[in-house]
Amino acid sequence: MTADLALIWPELILTIGGLITLMLGTFVGDRQVGLYQFSAMLTLAAAAAAVVALFGVDATVFSGTLSVDGFGGFAKLLIYAASFVCILVAPRFFTGGMRAEYPTLILFAALGMGIMASSRDLMTLYVGLELNSLAAYVLASFMRNDERSTEAGLKYFVLGALASGMLLYGISLLYGFTGTTDFAGIAARMSGEMNIGLIFGIVFVLAGLGFKISAVPFHMWTPDVYEGAPTPVTTFFASAPKVAAMALMTRVVIDAMGPAVGAWQQIIIFLALASIILGAVGAIGQKNIKRLLAYSSINNVGFMLVGLAAGTQQGVEAVLTYLLVYMVTTLGAFLVVLQLRDPQGNQIESIPALAGLSQRRPGLAAAMAVFLFSLAGIPPLFGFWPKYLVFEAAVNANLVPLAVAGIVASVIGAFYYIAIIKTMYFDDKSDVEVTGGGNAIEGTLVTASALWLSVIGYLFIPMLAIASASAASVLF
């Protein structure tokens with residue numbers, strides 16, 4: 001037991017730090033925003049340091065239910081980094097100050113996401129997923145006096161409960177037909193003859209996980225929740241949980257269902273194509289920037305699934321690279337949105353209100369253009385690189401029709417990104433006066449992200465290739 005505890009320091013740090021932050025809010029009061037913000041950020045930094053210290057370790061703990069390896073470590077670093085940024089920029093958004101519950105909930109959500117990324121058992125998978133989900137339901141409805149926020153929380157909770165039920169049903173089927181919840185045991189059973197019960201189990205498990213990554217047709221909650229939730233919460237939803245859910249699906253598919261490629265590959269291919277196409281088409285008519293970015297996340301999940309459908313180490317490396325670049329790009333886009341306010345201090349979310357932004361806030365408009373072009377995968381911006389990698393992995397796995405369909409559909413997606421850039425640079429100024437852009441922290445983060453996603457990002461390809469290859473090799 002002592003040896004096991006020594007290998008889960010990131011989780012222990014998050015648990016202790018979350019409790020300390022909660023107690024600070026209880027005894028010090030909600031006015032001390034900086035104190036519990038600092039406590040939460042320090043906790044995440046310490047947890048990330050613990051992950052780095054454990055790099056090179058490849059072991060399982062607690063009877064094989066959790067894995068300590070490079071794959072989980074890679075995902076955790078992305079999760080902790082995104083959570084750190086979302087706590088850092090939140091106080092400026094919440095009127096009257098940020099309450100202690102916000103960073104506490106993010107810490108416990110990060111704890112659940114870390115467990116998701118490291119799970120090697122269906123039970124720990126579910127525990128981590130629900131710990132993250134329960135915190136997410138509260139975060140979505142965090143602004144109790146805002147009708148949109150409470151509606152977003154309710155929708156997320158109801159549909160999330162349905163998805164959890166589907167996932168549990170799939171888990172029960174897998175356990176019933178394999179006699180184990182351990183990923184290695186399930187894989188051993190699937191290397192033999194497949195039966196209808198196992199196939200149904202795979203379908204329901206992937207359906208439940210598909211909800212968590214917002215893959216079509218389990219995406220219905222995403223636009224409404226992204227629009228209704230407070231913008232820092234939406235920023236969080238679009239980044240860290242996406243990384244955790246995608247890492248979890250990758251580990252389940254490769255680790256637990258690896259031998260049954262014929263059973264799950266068709267499902268992943270369908271989810272990928274449906275998400276790419278519907279994510280692109282659904283975004284075209286959107287007038288709210290948060291709803292548009294929700295459809296953008298659905299679209300990008302489809303591209304990640306193209307790499308996963310390959311079922312190869314090269315495909316998993318492409319998925320990990322895509323997750324990193326997507327996280328930076330999405331965080332940057334939402335940080336720009338966070339800086340857009342009218343003279344009354346209200347958040348500007350309407351796309352037509354961005355007309356003429358290049359004349360009012362040229363720096364923000366330029367940064368947003370970089371993020372949108374990068375999301376579209378337009379070269380030479382760095383967002384092109386992960387798309388190239390997932391398509392290359394699909395071609396090398398003899399999934400040429402999937403790659404061709406994805407490339408053709410990506411052209412549709414470029415339309416709505418370019419439409420926003422056209423609004424910012426070529427439309428007449430809107431009647432809405434856009435203020436903001438004065439926060440040094442957000443401005444620095446936006447600038448750094450935009451620079452990294454420009455051609456400068458290509459300088460980091462060797463380092464990123466080594467990290468993703470090392471992380472992906474654990475699963476093969």
Side-chain angles (χ1 to χ4, degrees), residues 1-24 35-88 100 102-121 124-125 127-132 135 236 239-248 250-251 255 320 323-324 327-328 331 463-464 466-475:
M1 179 64 74
T2 305
D4 289 347
L5 291 176
L7 293 176
I8 60 163
W9 268 110
E11 287 74 20
L12 293 176
I13 290 170
L14 287 173
T15 303
I16 296 169
L19 293 174
I20 290 173
T21 306
L22 182 61
M23 290 299 100
L24 285 174
L35 183 60
Y36 43 77
Q37 182 190 23
F38 175 76
S39 172
M41 290 164 56
L42 181 64
T43 299
L44 287 166
V51 171
V52 172
L54 290 171
F55 266 137
V57 176
D58 188 3
T60 57
V61 296
F62 301 116
S63 303
T65 56
L66 279 177
S67 178
V68 181
D69 54 29
F71 179 84
F74 187 98
K76 287 177 187 177
L77 286 180
L78 298 186
I79 291 165
Y80 299 162
S83 302
F84 185 96
V85 171
C86 293
I87 293 174
L88 180 65
Y102 177 82
T104 303
L105 286 167
I106 286 189
L107 287 178
F108 285 117
L111 172 62
M113 289 185 280
I115 294 172
M116 289 165 61
S118 296
S119 292
R120 288 184 60 88
D121 188 277
T124 50
L125 173 160
V127 169
L129 191 146
E130 286 306 301
L131 179 57
N132 168 49
F236 178 68
S239 53
K242 278 283 192 299
V243 173
M246 198 67 212
L248 174 60
T250 302
R251 195 183 280 276
D255 248 9
L320 293 175
L323 281 172
L324 173 59
M327 188 194 79
V328 175
L331 283 174
M463 186 188 307
L464 183 54
I466 293 171
S468 60
S470 175
S473 65
V474 173
L475 303 182

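As a basis for the values below, the full set of heavy atoms in this structure was taken, side chains included, without hydrogen atoms, waters or symmetry mates.
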How far does [atom1] of [X] sit from [atom2] of [Y], to the nearest 0.5 angstrom?
X: Phe84; Y: Leu77; atom1: CZ; atom2: CG; value: 13.5 Å
X: Met327; Y: Leu324; atom1: CE; atom2: CG; value: 6.0 Å
X: Ile79; Y: Phe236; atom1: CD1; atom2: CZ; value: 9.0 Å
X: Leu131; Y: Thr15; atom1: CG; atom2: OG1; value: 8.5 Å
X: Leu248; Y: Ile115; atom1: CG; atom2: CD1; value: 11.5 Å

Taking all atoms of both residues into account, what is the closest heavy-atom pair of [X] and [Y], and its distance?
X: Leu320; Y: Ala471; result: CD1-CB, 3.6 Å
X: Thr43; Y: Gly17; result: OG1-CA, 3.4 Å
X: Tyr80; Y: Ala47; result: CE1-CB, 3.8 Å
X: Ile87; Y: Gln37; result: O-NE2, 3.1 Å

For Ala50, what residues pass the side-chain contact (heavy atoms from CB on, under 4.5 Å) criterion, not counting sequence neighbours?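 Ala50 satisfies side-chain contact (heavy atoms from CB on, under 4.5 Å) with Trp9, Pro10, Ile13 once adjacent residues are dropped.
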Just list the side-chain donor-acceptor pairs under 3.5 Å for residues 51-65, sequence neighbours left out, or say none.
| from | atom 1 | to | atom 2 | distance (Å) |
| --- | --- | --- | --- | --- |
| Thr65 | OG1 | Phe62 | O | 2.8 |

Can you tell me which residue pairs pass the salt bridge (Lys or Arg N to Asp or Glu O under 4.0 Å) test with a partner in residues 108-121, sequence neighbours excluded?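 The answer is Arg120-Asp255.
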Show the atom names and distances, to 0.1 Å, of all donor-acceptor pairs under 3.5 Å that link a side chain in residues 68-76 to residues at least two apart or in another chain.
| from | atom 1 | to | atom 2 | distance (Å) |
| --- | --- | --- | --- | --- |
| Asp69 | OD1 | Phe71 | N | 3.4 |
| Asp69 | OD1 | Gly72 | N | 2.9 |
| Asp69 | OD1 | Arg251 | NH2 | 3.0 |
| Asp69 | OD2 | Ser67 | OG | 2.5 |
| Asp69 | OD2 | Arg251 | NH1 | 3.2 |
| Asp69 | OD2 | Arg251 | NH2 | 3.3 |
| Lys76 | NZ | Glu11 | OE2 | 2.7 |
| Lys76 | NZ | Ser118 | OG | 3.0 |

Quick one: does Ser39's side chain have a donor or acceptor within less than 3.5 Å of a partner on Leu35's backbone?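 Checked: no pair found.
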Side-chain donor-acceptor contacts of residues 103-114 below 3.5 Å, not counting sequence neighbours, with atom names and distances?
| from | atom 1 | to | atom 2 | distance (Å) |
| --- | --- | --- | --- | --- |
| Thr104 | OG1 | Ala100 | O | 2.9 |

Can you find a heavy atom in the side chain of Met116 that is under 4.5 Å from one in the side chain of Leu125?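 SC-SC contact between Met116 and Leu125 ruled out.
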Trace of the side-chain contact (heavy atoms from CB on, under 4.5 Å) decision for Cys86 with Leu331: CA-CA 9 Å; Cys86 293; Leu331 283 174; 4.3 Å; yes
Report the residues that fulfil side chain to side chain donor-acceptor pair (under 3.5 Å) with Ser119, sequence neighbours left out, ordered by chain and then residue number.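 Listed in chain order: nothing, the list is empty.
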